[in-house]
Structure formats: C-alpha cells, structure tokens
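In what follows, every heavy atom counts, from backbone to side chain, and hydrogens, waters and symmetry copies are set aside.
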Amino acid sequence: MQICRVVGTVVSTTKAEKLSGLKLLLVRPIDMDTMEEKGPLTVSIDTVGAGEGEVVMIVGGSSSRQTAATDGTPVDNAIVAIIDHIDAGHKRIYDKAARSGS
C-alpha cells in the first residue's frame, strides 16, 4: 500500500470492456516525512469516489483486483481508501479536515 495525492483524471472513451464505467485518476506518491508529492505519476482505478486533491491509499498488483469494482478486471493499481488523517510518532502529520478548512 502507498499514500498518494490525486492530481488529475484520465479520460478514455475507448477501452477494454471490463474497464467500462470505471473512473481513472492520476495519482502521485507522497513523501511521508514532508507530506509533499514525490515520485512518478500513476494511473489508478478509483474504487471509493476519490477526487482531485485528496490524499488516498493505493494498492498495486493482484491486490488491486480484489475490490468489488475491480474483480476480474485488467488493472494493476487501485485507490482503496480516502485518508482522513495520519498520525505518526504521536503527532498528526495530515488532517483532511484541517486542510479543507472544515
């Protein structure tokens, strides 16, 4: 599993039949020490209703095909959670509510 930020969308009107109806999002890994985006962009199937700017958890390989939305589909990366907050070393290093001003 990896923590990433959703940075964009991918639109494909022509694709394998089993991918029909699945939302494709562009994600970039987050450096957990700095909470900054770092690393290559990856296309990921959205299984949880994530949106641009959200911090998410992704899985790859065979794990990405073990959700209700991706079972039996030709995917290698899936978003499986939207992160509300991250605590490390007795410190909150990310808080979705604080970021959005809620």
In Å, rounded to the nearest 0.5 Å, how long is the span from CG of Asp95 to CD1 of Ile86? 10.0 Å
Once rounded to the nearest 0.5 Å, what's the spacing between atom CD1 of Ile30 and atom OH of Tyr94? 7.5 Å
Kindly give the heavy-atom pair with the smallest separation between Gln2 and Pro29, and that separation in Å. NE2-CB, 3.3 Å
Given the rule in the side chain to side chain contact (heavy atoms under 4.5 Å, CB included) test, do Thr67 and Val48 qualify, once you have shown the distances and angles that lead to the verdict? CA-CA 10 Å; Thr67 73; Val48 294; over 6 Å; no
Point-to-point distance, once rounded to the nearest 0.5 Å, from NE2 of His85 to CZ of Arg92: 3.5 Å
Measure the shortest side-chain to side-chain distance between Met57 and Ile83 over non-hydrogen atoms and say whether it is less than 4.5 angstrom. yes
Val75 reachable from Val10 in the ILVMFWY side-chain graph, under 4.5 Å edges: yes
Minimum side-chain heavy-atom gap Ile79-Val27 below 4.5 Å: yes
Considering all heavy atoms, the nearest Lys18-Pro74 contact: CB-CD, 3.9 Å
Check whether Arg5 reaches the backbone of Gly53 with its side chain - one donor and one acceptor, N or O, closer than 3.5 Å. yes
Distance in Å, Thr47 OG1 paired with Gln66 CD, rounded so as to fall on 0.5 Å steps: 12.0 Å
Within the distance-only criterion (no hydrogens, no angle test), does the side chain of Lys23 pair as donor or acceptor with the backbone N or O of Ala50 below 3.5 angstrom? yes
Quick one: do Val7 and Glu37 satisfy side chain to side chain contact (heavy atoms under 4.5 Å, CB included)? Show the steps, please. CA-CA 10 Å; Val7 296; Glu37 298 168 21; 3.6 Å; yes
Among the clusters formed by ILVMFWY side chains lying less than 4.5 Å apart, do Val56 and Met1 turn up in the same one? no
Give a yes or no on whether Ile58 and Val6 share a hydrophobic cluster (residues Ile, Leu, Val, Met, Phe, Trp, Tyr; joining criterion: side-chain heavy atoms under 4.5 Å apart). yes
Short question: side chain of Lys91, backbone of Ala88 - any donor-acceptor pair under 3.5 Å? no
Determine yes or no for a side-chain-to-main-chain donor-acceptor pair under 3.5 angstrom, with Asp87 supplying the side chain and His90 the backbone. no
Under the criterion side chain to side chain contact (heavy atoms under 4.5 Å, CB included), I'd like the reasoning laid out for Met35 against Ile93: C-alpha separation, chi angles, the key distance, then a yes or no. CA-CA 8 Å; Met35 289 306 292; Ile93 61 172; 4.2 Å; yes
Can you tell me how far CG of Leu24 sits from CG of Asn77, rounded to the nearest 0.5 angstrom? 11.0 Å
Does the side chain of Ile82 come within less than 4.5 Å of Lys96's, by heavy atoms? yes
Start with the C-alpha gap between Val43 and Leu26, add the side-chain angles, then the distance that decides, and say whether side chain to side chain contact (heavy atoms under 4.5 Å, CB included) holds. CA-CA 5 Å; Val43 176; Leu26 204 54; 4.0 Å; yes
Separation of Ser44 OG from Leu22 CG (nearest 0.5 Å): 11.0 Å
Linked, directly or transitively: Leu25 and Val80 (ILVMFWY side chains, under 4.5 Å): no
